[in-house]
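Everything on this sheet refers to the single structure shown next.
These numbers come from the heavy atoms of this one structure, side chains and all, not from hydrogens, waters or symmetry mates. Throughout, protein chains are lettered first and strands after them, A, B, ... in sequence-line order, and every chain is numbered starting at 1.
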Amino acid sequence: MSKPSIPKGTRDFTPAIMARRQWIFSTLREAFEARGFVPIETPAMESLATLTGKYGEEGDQLIFKLLNNGDFLAKAQDDTLAARDSKSLAFQISKKALRYDLTVPFARFVTMHRNDLPMPFKRYQMQTVWRGDRPGRGRYQEFVQCDADIIGSTGILCELELVSLFDEALRALRVPGYRILVNDRRILAGIAASIGVGVDRLTDWTVAVDKHDKVGLDGVCEELERRGFDGGVQEGTRRLFGMTASGVAGMEALLHAFAHPQVEEGVASLKALWALATSEGIGEPELVFAPGLARGLNYYTGAIFEVQVVDAPVGSICGGGRYDDLTGIFGMPGVSGVGISFGADRIYDVLEHFDAFPPDLATDLDVLVLHMGEESLDAMLQAARLCRERGLRTEVYPDAAKLKKQFKYADDRQVPHVLVLGSDEVEAGTCTLRDMRSGEQVTEPLNQVMDRLGA
RNA sequence: GUGGCUAUAGCUCAGUUGGUUAGAGCGCUUGAUUGUGGUUCAAGAGGUCGUCGGUUCGAACCCGAUUAGCCACCCCA
């Protein structure tokens, strides 16, 4: 028998880890609900056709496809089988796939339920997604995304709301040194046009530009060279990254350096966002205008967001942006939306790295009632009931084991209080309360002990 | 998918040019203490040295293959 294992890129979560994960989820949920976002859920699996073609060619390869049930090979075409063409074959033997993100299923959801949803519609969704990536540090094949989207409005208040949400949630999560990077696809497109990048090469160019953080300016230029861009494009890209002014001043400078209507449009939009954010008390250093920020997903059309953490062991922990027509591909044109996504697993990794979790999350039990033998069982159970009535999480030890063992269990569980009701206490009408942190213990009538426990 | 590093007890790791019975710390079990955890002391359990094959009188150690993990390139939350 081989040792059991789990697929790479997946993880088990112990109770100690779950306490922290659930704290992250509940903190995010509170932040979402404080701004009126409502929850939805969608199935773990979608029709393969719903997902393909939405994430670019590479993205399609990373989608986990589910084999059809039954004798799926019987229906596959002979020539496809003979050619061993996995790509074509996949669509013949697979009709379902695991969701790759939450945005595309959301677009499908909106299209199907359009008549039942208030517009604008603000939803949040915290569910697992799967990607057939190579796992590595901070990268998993199964992870949870926490999305918030606003659709049916083009107002800049939507962008403001999401920037504010980032700020509130990350603050509540105690993420140290977070930076909300903002750019606008129109600015990128305008710059690209003004330095001679053809419209059809825009994605190519942004992919190279996006690597600036990793490979530096020279690396970006090499990448551009490799992708067949001429010296003019490289020179223009150098000018873009040579600009040092930050914030609104940086936007102004961009306006002069790269004259183009789309740049003007994007800058005007971001300046409006900056003015509103400033009055909300959000600004440097958390809010950063990042003209080089591109992001991979090609459905973004306006503002784009990314959250990075200074000195963090993982890449971005959040992302998002505005998309003008996501539901168009499902036959529902003209719905603009803007959304963001929190990477819960990466947030976990960052908090662990900085040891920033609240210290009291390990406590999941307030009182342990020891098992002192059958003769005092009634007293034990009654005491436990009284504790629970007062809102204390209370457990009765299930066996009359040695006290040493029961106390050790209390210690392992990090229970702050232990109640002892043995024959001595029952006879005297009292109860012994031990404070596990201080080691002090008192023996008093039960109602006095209850008052001492408070709550 | 390409290059480099690693794999020994539940965990973190030692292990001499290849030589008798493979060790330590932590954790675990039991006892010192039949009504008291976290400290201390004592004892104990736990390993076909990732897997398969080769070299050798003899392999945890050398060689080959394979699997899994870590780091870089690529991509992303």
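Between rG50(B) and rA59(B), the distance separating the two P atoms is 15 Å to the nearest Å. Only the P atoms considered, rU20(B) is 22 Å distant from rA45(B), to the nearest whole Å. When the P atom is used for both rC61(B) and rU8(B), the distance is 13 Å, rounded to whole Å. Rounded to the nearest Å, the gap between the C1' atom of rG38(B) and that of rC52(B) is 48 Å. Rounded to a whole angstrom, the distance from the P atom of rA60(B) to that of rG44(B) is 26 Å. Taking the P atoms as reference points, rA7(B) lies 15 Å from rC11(B), given to the whole Å. Comparing rG1(B) with rC74(B), their C1' atoms are spaced 9 Å from each other, to the whole Å. Distance noted for atom C1' between rG46(B) and rU36(B): 29 Å (whole Å).
Checked against the 6.0 Å centroid criterion, the rings of F166(A) and Y178(A) do not qualify as a close aromatic pair.
Judged as a side-chain hydrogen bond (donor to acceptor under 3.5 Å, both in side chains), the pairs with a partner in residues 25-34 of chain A (not counting sequence neighbours) are, in order, E33(A)-Y124(A).
Remark: C1' of rC76(B) and CD of E306(A) are 9 Å apart, rounded to the nearest angstrom. Taking atom CZ of F407(A) as the reference point, atom C1' of rU34(B) lies 15 Å away to the nearest angstrom. Across the protein-nucleic acid pair, F166(A) atom CZ and rA77(B) atom P stand 11 Å apart, rounded to whole Å. In this structure, R11(A) atom CZ and rA77(B) atom P are separated by 16 Å, rounded to whole Å. Residue L419(A) contributes atom CG, which lies 18 Å from atom P of rG37(B) at whole-angstrom precision. Atom CZ of R346(A) is separated from atom C1' of rA77(B) by 5 Å (rounded to the nearest Å). We find that CD of E425(A) is positioned 8 Å from C1' of rG35(B), with the value rounded to whole Å. Regarding L368(A), its CG atom lies at a distance of 16 Å from the P atom of rU36(B), rounded to whole Å.
Classification of the F106(A)-F109(A) ring pair by plane angle, with boundaries at 30° and 60°, yields parallel.
Within 4.0 Å (heavy atoms only), V144(A) reaches no atom of the nucleic acid at all. Looking at heavy-atom distances under 4.0 Å, S316(A) makes contact with sugar-phosphate atoms alone, never a base. Within 4.0 Å (heavy atoms only), Y140(A) reaches at least one base atom of the nucleic acid.
No side-chain heavy atom of E168(A) sits less than 4.5 Å from a side-chain heavy atom of F32(A). Looking at L368(A) and L419(A), their side chains never come closer than 4.5 Å, going by heavy atoms from C-beta outward.
Of the two residues near RNA chain B, G343(A) and L403(A), the one whose nearest nucleotide lies more 5' is L403(A). Between D424(A) and L62(A), the residue anchored nearer the 5' end of RNA chain B, judged by the nucleotide with its closest heavy atom, is D424(A).
Here the CD-SG distance, from Q234(A) to C221(A), works out to 5.0 Å after rounding to the nearest 0.5 Å.
Because its NZ or CZ atom is not both nearer than 6.0 Å to the ring centre of Y300(A) and within 45° of the ring axis, R185(A) does not count as a cation-pi partner of that residue.
Taken together, the paired segments of RNA chain B that extend over three or more consecutive Watson-Crick or G-U pairs, each closer than 3.5 Å at both contacts, are B:1-7 with B:67-73, B:10-13 with B:23-26, B:28-32 with B:40-44, B:50-54 with B:62-66.
In this structure, a donor-acceptor pair under 3.5 Å is present between the side chains of R322(A) and S336(A). A side-chain N or O of D349(A) and one of Y140(A) form a donor-acceptor pair less than 3.5 Å apart. Using a 3.5 Å distance cut-off with no hydrogens or angles, the side chains of T327(A) and T111(A) do not pair a donor with an acceptor. In summary, the side chains of T10(A) and E142(A) do not present any donor paired with an acceptor at a separation below 3.5 Å, with no hydrogens or angles considered.
By the criterion of a centre-to-centre distance under 5.5 Å and near-parallel planes under 30°, the ring of F342(A) forms no stack with the base of rA77(B).
Annotation: salt bridge (Lys or Arg N to Asp or Glu O under 4.0 Å) contacts of D345(A) (sequence neighbours excluded): R11(A), R21(A). Under the salt bridge (Lys or Arg N to Asp or Glu O under 4.0 Å) criterion, R385(A) pairs with no residue at all, not counting sequence neighbours.
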Collect all protein-nucleotide pairs involving nucleotides 28-32 of chain B in which both atoms are nitrogen or oxygen and the distance is under 3.5 Å.
| from | atom 1 | to | atom 2 | distance (Å) |
| --- | --- | --- | --- | --- |
| rC28(B) | OP1 | K408(A) | NZ | 3.2 |
| rG31(B) | OP1 | K402(A) | NZ | 2.3 |

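For RNA chain B, the residues of residues 437-446 of chain A within the heavy-atom distance limit of 4.0 Å (strictly under) are R437(A), G439(A), Q441(A), sorted by number.
The nucleotide whose nearest atom lies closest to any side-chain atom of D411(A) is, among rG38(B), rC76(B), rU36(B), rG38(B).
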